[in-house]
Amino acid sequence: MLTLIFLFLSSGPVLGETEIKIIINKKVNKLAYLKNGEVLQIFPVATGKSVDLTPEGIFKVVRKLVNPYYTKEKIPGGSPKNPLGVRWLGLNARGTPGNTYGIHGNNNPKSIGKYASAGCIRMYNEDVIWLYKNTPVGTPVEIINENWDLEQKPITVMINGNKLPSSVEAKPYMINNRVMVPGRSLAESIGCSVTWDAALHQAILSNDSITVKAAVGLKQITVNDVNIDLDEPVALRNGSLYIPVRAIAEAFGFRVAWDAKTLTVSLVTAN
């Protein structure tokens with residue numbers, strides 16, 4: 001089943017031409033370093049012992065330290081006993097000023113890849129040195145918990161033989177065996193208007209004869225006020241609304257095909 005991302009005005013960061021972004025996926029304990037929307041490096045990490053300890057959401061790097069001091073046990077920076085390792089990139093997660101949650105090195109490399117921390121993101125010391133050097137203060141850090149290994153080949157979306165435009169920020173990708181595409185670009189490419197009802201947390205896609213409504217959290221959409229069940233509920237993440245693309249394609253008169261060899265999604269007008 002294919003899935004669609006609708007992009008609306010995002011409360012998260014907008015990537016510029018040379019913007020850096022970090023994505024941490026707790027589900028697979030990996031950290032991806034992106035530049036210009038492309039994944040340059042992927043590192044293994046350790047995250048919280050329980051799912052609630054490492055916060056999820058979009059944050060920023062607000063503090064950087066070399067050989068951080070471990071206040072809790074008064075261990076000086078640079079000591080082999082220091083559990084923070086050789087570098088600290090502090091995040092403003094949960095309203096903190098960068099001294100509570102951070103990406104840091106460690107003195108227990110066997111913990112990397114596991115759920116082992118009190119909430120921070122641990123890296124191998126050699127990896128965090130690279131990250132520290134290449135990550136400026138202000139860099140956005142998105143922490144997720146999804147079945148997505150962060151490592152994948154580019155996905156192409158074709159509409160009646162024309163490639164769907166994509167921006168640096170919004171490129172198609174696959175998650176949970178679903179292909180995710182930027183919905184505003186898709187809607188505009190198939191001749192639909194898109195509006196966002198903030199009060200109802202609902203997107204409205206429409207052309208001259210068809211209106212589709214998709215509300216966050218519901219496992220259905222309405223097509224001209226007729227309910228259509230979905231296999232996944234409509235979800236909002238980082239200002240983007242997610243919904244199965246097949247339901248949308250069929251609602252607006254398109255057939256959908258998936259080529260696993262070339263990683264291409266094709267939408268073709270049914271008539």
Side-chain angles (χ1 to χ4, degrees), residues 1-12 27 56-58 142 144-148 152 154-167 169-271:
M1 197 69 169
L2 306 174
T3 301
L4 163 71
I5 299 178
F6 292 111
L7 282 189
F8 299 97
L9 293 178
S10 170
S11 60
K27 183 74 73 174
E56 298 171 25
I58 296 177
E142 183 172 7
I144 62 176
N145 187 26
E146 301 177 0
N147 291 323
W148 173 30
Q152 59 185 35
I155 294 170
T156 301
V157 178
M158 304 295 294
I159 302 175
N160 288 332
N162 297 312
K163 186 176 180 180
L164 178 71
S166 63
S167 66
E169 169 86 297
K171 292 187 177 182
Y173 67 91
M174 181 175 286
I175 182 171
N176 289 336
N177 293 319
R178 269 74 169 166
V179 173
M180 316 294 283
V181 296
R184 182 170 291 278
S185 297
L186 179 63
E188 292 174 351
S189 295
I190 63 176
C192 297
S193 64
V194 183
T195 57
W196 173 247
D197 188 329
L200 297 178
H201 284 225
Q202 176 177 263
I204 303 172
L205 286 75
S206 60
N207 60 18
D208 292 338
S209 59
I210 299 168
T211 298
V212 174
K213 297 179 181 179
V216 175
L218 296 186
K219 208 170 183 179
Q220 64 180 19
I221 58 172
T222 63
V223 180
N224 289 347
D225 295 323
V226 176
N227 292 337
I228 305 295
D229 291 335
L230 307 174
D231 64 336
E232 294 288 338
V234 178
L236 187 68
R237 180 172 73 86
N238 187 20
S240 302
L241 194 73
Y242 299 75
I243 191 171
V245 68
R246 186 173 298 278
I248 297 299
E250 292 176 351
F252 288 102
F254 287 85
R255 297 191 304 269
V256 181
W258 167 245
D259 188 329
K261 292 183 179 180
T262 62
L263 300 183
T264 299
V265 182
S266 298
L267 277 64
V268 179
T269 305
N271 54 7

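Values below: all heavy atoms of this structure, side chains included; hydrogens, waters and symmetry mates excluded. As the structure is a computational prediction, the values presented were derived from the model and not from experiment.
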Quick one: are [X] and [Y] in side-chain contact, heavy atoms under 4.5 Å?
X	Y	answer
Met158	Leu164	no
Trp196	Ile204	no
Leu186	Ile159	yes

Output the distance between atom [atom1] ([X]) and atom [atom2] ([Y]), rounded to the nearest 0.5 Å.
X	Y	atom1	atom2	value
Ile155	Thr262	CD1	OG1	10.5 Å
Leu205	Thr195	CG	OG1	8.0 Å
Leu267	Arg246	CG	CZ	9.0 Å
Asn162	Ser189	CG	OG	8.5 Å

Check side-chain hydrogen bond (donor to acceptor under 3.5 Å, both in side chains) between [X] and all other residues, then give those that pass, not counting sequence neighbours.
X	result
Asn224	none
Thr222	none
Asn160	Thr269

Which atom names give the shortest non-hydrogen contact between [X] and [Y], and what distance separates them?
X	Y	value
Thr264	Trp258	O-CE3, 3.3 Å
Ile221	Val212	CD1-CG1, 4.0 Å
Ala187	Val194	CB-CG2, 3.2 Å
Leu200	Ala215	O-CB, 4.4 Å
Asp229	Gln220	OD1-OE1, 3.6 Å

Task: Partners meeting salt bridge (Lys or Arg N to Asp or Glu O under 4.0 Å) with Glu250 (sequence neighbours left out) - done: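 Glu250: no salt bridge (Lys or Arg N to Asp or Glu O under 4.0 Å) contacts found.
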Open item on the list: Determine whether a donor-acceptor pair (N or O, by modelled atom type, separation under 3.5 Å) exists between the side chain of Arg255 and the backbone of Val268.
Closed with: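 Between the backbone of Val268 and the side chain of Arg255 there is no qualifying donor-acceptor contact (under 3.5 Å).
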Open item on the list: Taking side-chain hydrogen bond (donor to acceptor under 3.5 Å, both in side chains) as the cut-off, I'd like each qualifying pair that reaches into residues 206-217, sequence neighbours left out, listed once.
Closed with: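 Every pair satisfying side-chain hydrogen bond (donor to acceptor under 3.5 Å, both in side chains) with a residue in residues 206-217: Ser193-Ser206.
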